[in-house]
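What follows is a short report on a single structure.
Quick caveat: nothing in here was measured; it's all calculated off a predicted structure.
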Amino acid sequence: MTIRPRRSVLYMPGSNARAMEKARELPADVVIFDLEDAVAPDAKAKARELIVQALQKGGFGNREVLVRINGLDTAWWLDDLKVVAANPHAVLVPKVSTPEQLVEVGKHLVGVRAEASVRIWAMMETPLAMLNAREIAAAALDPQTRLAGFVMGTNDLAKDTGARIVPGRAPMLPWLMTCVAAARAYGLDILDGVYNELGNAEGFAAECRQAHELGFDGKTLIHPQQIAPCNDAFSPAAEEVAWARKIIAAFDLPEHGNKGVIQIDGRMVERLHADMARRTVAIADAIAQTQAA
């Protein structure tokens, strides 16, 4: 399985052609062209045209490009799906609360003749989504859903539950970890929600570190100035990569072929640590390849 870095994931209004043009030069791993919250109702049709033009022009290099459509309870989402003719990497579906919604989107992707490579990402941002996280993640077992990952929508979650967004995010930790566990159980990637205080660099860095420690693959962003510190937080440190390579090399020795536990530099290391080490190295190598491109 190919591992792609998804450390920094920047939302950009689909109605802003200049911003989407700039996306080709930004060091974000992923950009999300937004048709939902960032676009006024009377601008949605034009935004679709601009997104299609941007995708057809290409030039995004190794960056993944997602398109966030409007919710399935709106009049716009079916027209939004027509942008898949320009082959974004994935469609981001907001306010997913049940697996049936993903099946519905998958059916319509077939109807608009989306390439098989176009995936679906689900925004986890409703109270019902938190209660149904396992069932929603399990929808990935159905190829028709094309489900590849979760994106946390922490602002909407706070609005709908009344939970406060505070430093350390204690009110949200149970939901964040529920979604991480569900995603990992079914082989999905998962991205943390946005950080709202653009002027609080220290707070943003702390939340990036927390998200990394909680097991997220990356974080969604609302401004280009957040990209660099986010990339730093989610990139394996040089010493971590070196240690991972040492673990892999040790377990690859013929004399350790059947061992579940070995000693390296005075530390007991299990074979599961070798599996973790291979993922760390794969991510580090993918990041290096992205930077070299």
Side-chain angles (χ1 to χ4, degrees), residues 6-14 19 26 28-40 66 68-74 92-98 101 121-134 136-137 149-184 188-235:
R6 296 185 172 108
R7 302 164 296 171
S8 51
V9 182
L10 180 65
Y11 285 106
M12 310 191 88
L26 296 173
D29 291 331
V30 185
V31 292
I32 299 174
F33 293 158
D34 192 16
L35 285 167
E36 195 206 17
D37 290 346
V39 179
L66 278 59
R68 180 165 71 168
I69 64 172
N70 287 276
L72 274 61
D73 60 345
T74 72
L92 177 59
V93 183
K95 296 178 177 59
V96 173
S97 295
T98 67
Q101 290 172 295
W121 285 65
M123 290 210 68
M124 303 294 283
E125 54 185 345
T126 69
L128 192 55
M130 300 305 101
L131 298 175
N132 291 339
R134 177 180 177 178
I136 295 170
F150 282 172
V151 178
M152 298 304 302
T154 44
N155 283 336
D156 277 274
L157 196 53
K159 176 179 69 72
D160 288 350
T161 61
R164 303 290 289 272
I165 298 178
V166 296
R169 298 192 290 181
M172 291 207 173
L173 286 178
W175 301 325
L176 295 173
M177 292 313 301
T178 292
C179 290
V180 169
R184 298 312 185 201
L188 304 175
D189 274 11
I190 182 166
L191 305 172
D192 192 17
V194 301
Y195 185 80
N196 301 313
E197 299 180 49
L198 286 177
N200 188 351
E202 184 177 334
F204 176 69
E207 194 162 289
C208 285
R209 287 193 301 270
Q210 180 198 45
H212 183 54
E213 291 167 356
L214 292 177
F216 286 93
D217 294 290
K219 190 168 181 63
T220 48
L221 312 175
I222 57 174
H223 195 278
Q225 73 184 31
Q226 296 177 325
I227 296 173
C230 188
N231 283 344
D232 288 344
F234 284 95
S235 296

Taking all heavy atoms of Asn231 and all of Ser235, pick out the closest pair and write down the distance. O-OG, 2.5 Å
Chi angles and distances behind the salt bridge (charged side-chain N to carboxylate O under 4.0 Å, His left out) call for Asp217, Arg6: CA-CA 6 Å; Asp217 294 290; Arg6 296 185 172 108; over 6 Å; no
For the CG atom of Leu214 and the SG atom of Cys179, what is their distance to the nearest 0.5 Å? 11.5 Å
I'd like to know if Lys95 pairs up with Asp160 as an ion pair, taking the criterion as any Lys NZ or Arg NE/NH1/NH2 lying under 4.0 Å from an Asp or Glu carboxylate oxygen. no
Counting N and O atoms only, with roles assigned by atom type, does the side chain of Asn70 sit under 3.5 Å from a partner on the main chain of Leu35, one being a donor and the other an acceptor? yes
Sole candidate of Arg169, Gln210, His212 that passes side chain to side chain donor-acceptor pair (under 3.5 Å) when paired with Asp192: Arg169
Can you check whether Leu92 reaches Tyr11 side chain to side chain, under 4.5 Å on heavy atoms? yes
Is any side-chain heavy atom of Glu197 less than 4.5 Å from a side-chain heavy atom of Glu207? no
Would one find more than 12 heavy atoms of other residues, nucleotides or ligands at under 6.0 Å from atom CZ of Arg184? yes
Phe150 and Ala133: which non-hydrogen atoms are nearest, and at how many Å? CZ-O, 4.0 Å
Considering all heavy atoms of both residues, which atom of Ile190 and which atom of Val180 are nearest to each other, and what is their separation? CD1-N, 3.6 Å
Looking at side-chain heavy atoms only, is the closest gap between Gln101 and Val93 below 4.5 Å? no
Can you confirm whether Tyr195 sits close enough to Asn200 that some side-chain heavy atom of one is under 4.5 Å from a side-chain heavy atom of the other? yes
Run the numbers on Val31 and Leu26 for side chain to side chain contact (heavy atoms under 4.5 Å, CB included), then give the verdict. CA-CA 9 Å; Val31 292; Leu26 296 173; 5.7 Å; no
From the options Thr220, Leu176, Leu191, select the one residue that forms a side-chain contact (heavy atoms from CB on, under 4.5 Å) with Met152. Leu176
Report yes if some heavy atom in the side chain of Val96 is under 4.5 Å from a heavy atom in the side chain of Asn132; otherwise report no. no
Where Phe234 and Cys208 come nearest, the two heavy atoms and their spacing: CZ-O, 3.7 Å
Search all heavy atoms of Ile69 against all heavy atoms of Glu36 and return the closest pair with its distance. O-CB, 3.7 Å
